Student: 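Quick one: structure below, then a few questions.
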2 protein chains.
Amino acid sequence: MNPIIHELFQKSRLLSKELNQALKKHDLFAAQWTVIYCIFQHGEMTLTQIWKYLNVEAPTITRTVNRLEQMGWLETREGKDRREKNVRLTERAIVELAEISQTIIQFEDNALKNLTEEEEKLLMNLLKKI
Amino acid sequence: MNPIIHELFQKSRLLSKELNQALKKHDLFAAQWTVIYCIFQHGEMTLTQIWKYLNVEAPTITRTVNRLEQMGWLETREGKDRREKNVRLTERAIVELAEISQTIIQFEDNALKNLTEEEEKLLMNLLKKI
DNA sequence: CTATATTAGTTACCTAAGTAATCATTACCT
DNA sequence: AGGTAATGATTACTTAGGTAACTAATATAG
């Protein structure tokens, strides 16, 4: 049994646990933040664009977007193609984004504090090879 | 936003999806296999030993062990301390372990095929620093 | 133009993991 | 010895992800 994959699973679990903890004060979970940030970067998107970009299955995004909409972070409207659902950030989301970004940066700095810039690049490249 | 953590989450999701696929023919999920392999390595263990070693919370192991017991992979008995629950592999689990190991090795080889031995060591060390 | 295929999204049901609260049992302290 | 604290395990409830099967709308082939 190769320990690398086990280690990768462990770190992934650990980091998402810590990230959830850090995001608690904004009343958000890690996966929810991922969706919000994705839409922030791309502007208005359809559900399909979101799940294809984030590399998850469609039902995952249906659920998360519904939850975020009912929490007031997202608003949706029908697209030109009436099958599509367009999603964008609410005013409130845009306002709070700056603060949340600070939390995220702090979390990332802490999570990667034992890695040099060089090591970060190296790790990124190795992960991409998997 | 630092892309490393995002990448790590992505690969973790992708790998566990693929591992689940590979284990389907043994009627097992990745997390279930992790518990079986853990007990195989350590011999009879208590629930607490398992969840501390695997770095997950207790309820996760309660659930997985219950499921594996009812599927015939594990058997449990009360420990000397009557709070404890000792878990060990069944005969059937020991017999099938060899075959499953083959599946796992094949999966790992495939997952890491783009990495040299050198890169694997490097990746392992970088992950441990997180 | 109509029948069929494809696409976007949803629903139902599953595993995996977490937190918080609870129950039994054992340890410990006075 | 008796009351309190700590420990091992479980239960209830939540998020996050997956698959399979479905509906509604649009594209496409004949």
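To find a chain, count down the sequence lines: A is the first, B the second, and so on, and within it residues start at 1. All values reported here derive from a predicted model rather than from experimental measurement.
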Student: Is A:Gln49 near enough to C:dA8 that one of its side-chain N or O atoms lies under 4.0 angstrom from OP1 or OP2?
Tutor: no
Student: Has B:Lys24 got a side-chain N or O lying under 4.0 Å from the OP1 or OP2 atom of D:dT19?
Tutor: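 For B:Lys24, the contact criterion (side-chain N or O under 4.0 Å from OP1 or OP2 of D:dT19) is not met.
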Student: Between P on D:dG8 and CG on B:Asn66, what's the gap in Å once rounded to a whole number?
Tutor: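 Those two atoms, CG and P, are 18 Å apart.
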Student: If you only use heavy atoms from C-beta on, which nucleotide in C:dT26, C:dA16, C:dT10 is closest to the side chain of A:Lys85?
Tutor: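 Per side-chain heavy atoms of A:Lys85, the pick is C:dT10.
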Student: Take atom NZ of B:Lys80 and atom P of D:dG8, then tell me their distance rounded to the nearest Å.
Tutor: 13 Å
Student: Could you tell me the separation between the CE atom of A:Met45 and the C1' atom of C:dG9, rounded to a whole number of Å?
Tutor: 15 Å
Student: Can a donor-acceptor pair be found, under 3.5 Å and without considering hydrogens, that links the side chain of A:Lys11 to the backbone of B:Ile130?
Tutor: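 Side chain of A:Lys11 to backbone of B:Ile130: a pair is present.
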Student: Want to settle it: does B:Arg67 or B:Glu57 sit nearer the 5' end of DNA chain C, counting the closest nucleotide to each?
Tutor: B:Arg67
Student: Counting side-chain heavy atoms from C-beta on, which of C:dT10, C:dT19, C:dA8 comes nearest to A:Lys52?
Tutor: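 Shortest atom-to-atom distance from the side chain points to C:dA8.
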Student: Let me know the distance between CD1 of B:Ile61 and C1' of C:dT15, rounded to the nearest Å.
Tutor: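 Computing the B:Ile61:CD1 to C:dT15:C1' distance gives 13 Å.
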Student: Between A:Asn20 and A:Asp81, which has a closest nucleotide on DNA chain D that is more 5'?
Tutor: A:Asn20
Student: Between B:Thr46 and A:Ala58, which residue's closest nucleotide on DNA chain D lies nearer the 5′ terminus?
Tutor: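 Comparing both residues, the 5'-ward one is B:Thr46.
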Student: Check whether any side-chain N or O of B:Thr60 sits under 4.0 Å from OP1 or OP2 of C:dG18, and answer yes or no.
Tutor: yes
Student: Counting heavy atoms from C-beta on, name the nucleotide in C:dG18, C:dG9, C:dT10 closest to the side chain of B:Val56.
Tutor: C:dG18
Student: Starting from A:Phe40, can I reach A:Tyr53 by hopping between I/L/V/M/F/W/Y residues whose side chains sit under 4.5 Å apart?
Tutor: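 Per the 4.5 Å side-chain linkage, A:Tyr53 and A:Phe40 are co-clustered.
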Student: Whole angstrom is fine here: how far is it from CH2 in A:Trp73 over to P in D:dT15?
Tutor: 15 Å
Student: Looking at the rings of B:Tyr37 and B:Trp33, which for Trp means the six-membered one, are their centres under 6.0 Å apart?
Tutor: yes
Student: Check this for me, if you would: do B:Glu78 and B:Arg83 make a salt bridge, where the nitrogen-to-carboxylate-oxygen distance has to be below 4.0 angstrom?
Tutor: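 Salt bridge between B:Glu78 and B:Arg83, a charged N being under 4.0 Å from a carboxylate O: no.
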Student: To the nearest angstrom, how far is B:Arg63 atom CZ from D:dC13 atom P?
Tutor: 13 Å
Student: Any donor-acceptor pair under 3.5 Å linking the side chain of B:Thr90 with the backbone of B:Trp73?
Tutor: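 Flag set: sc B:Thr90 to bb B:Trp73 pair under 3.5 Å.
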Student: OP1 or OP2 of D:dT11 less than 4.0 angstrom from a side-chain nitrogen or oxygen of B:Thr62, does that happen here?
Tutor: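 No.
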Student: Side chain of A:Arg13 only, heavy atoms from C-beta on: which candidate in D:dA25, D:dG18, C:dA17 is closest?
Tutor: C:dA17
Student: Do any side-chain nitrogens or oxygens of B:Thr48 fall under 4.0 Å of OP1 or OP2 in D:dA9?
Tutor: yes
Student: Mind calculating the distance between CG (B:Leu15) and P (D:dG18) to the nearest angstrom?
Tutor: 13 Å
Student: A:Glu84 has an atom CD; how far is it from atom P of C:dT10, in whole Å?
Tutor: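 That distance rounds to 12 Å.
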Student: Does atom CD of B:Glu44 have more than 12 heavy-atom neighbours from other groups under 6.0 Å away?
Tutor: yes
Student: For a quick test of reading the model: is some side-chain N or O of B:Arg83 closer than 4.0 Å to OP1 or OP2 of C:dT26?
Tutor: no
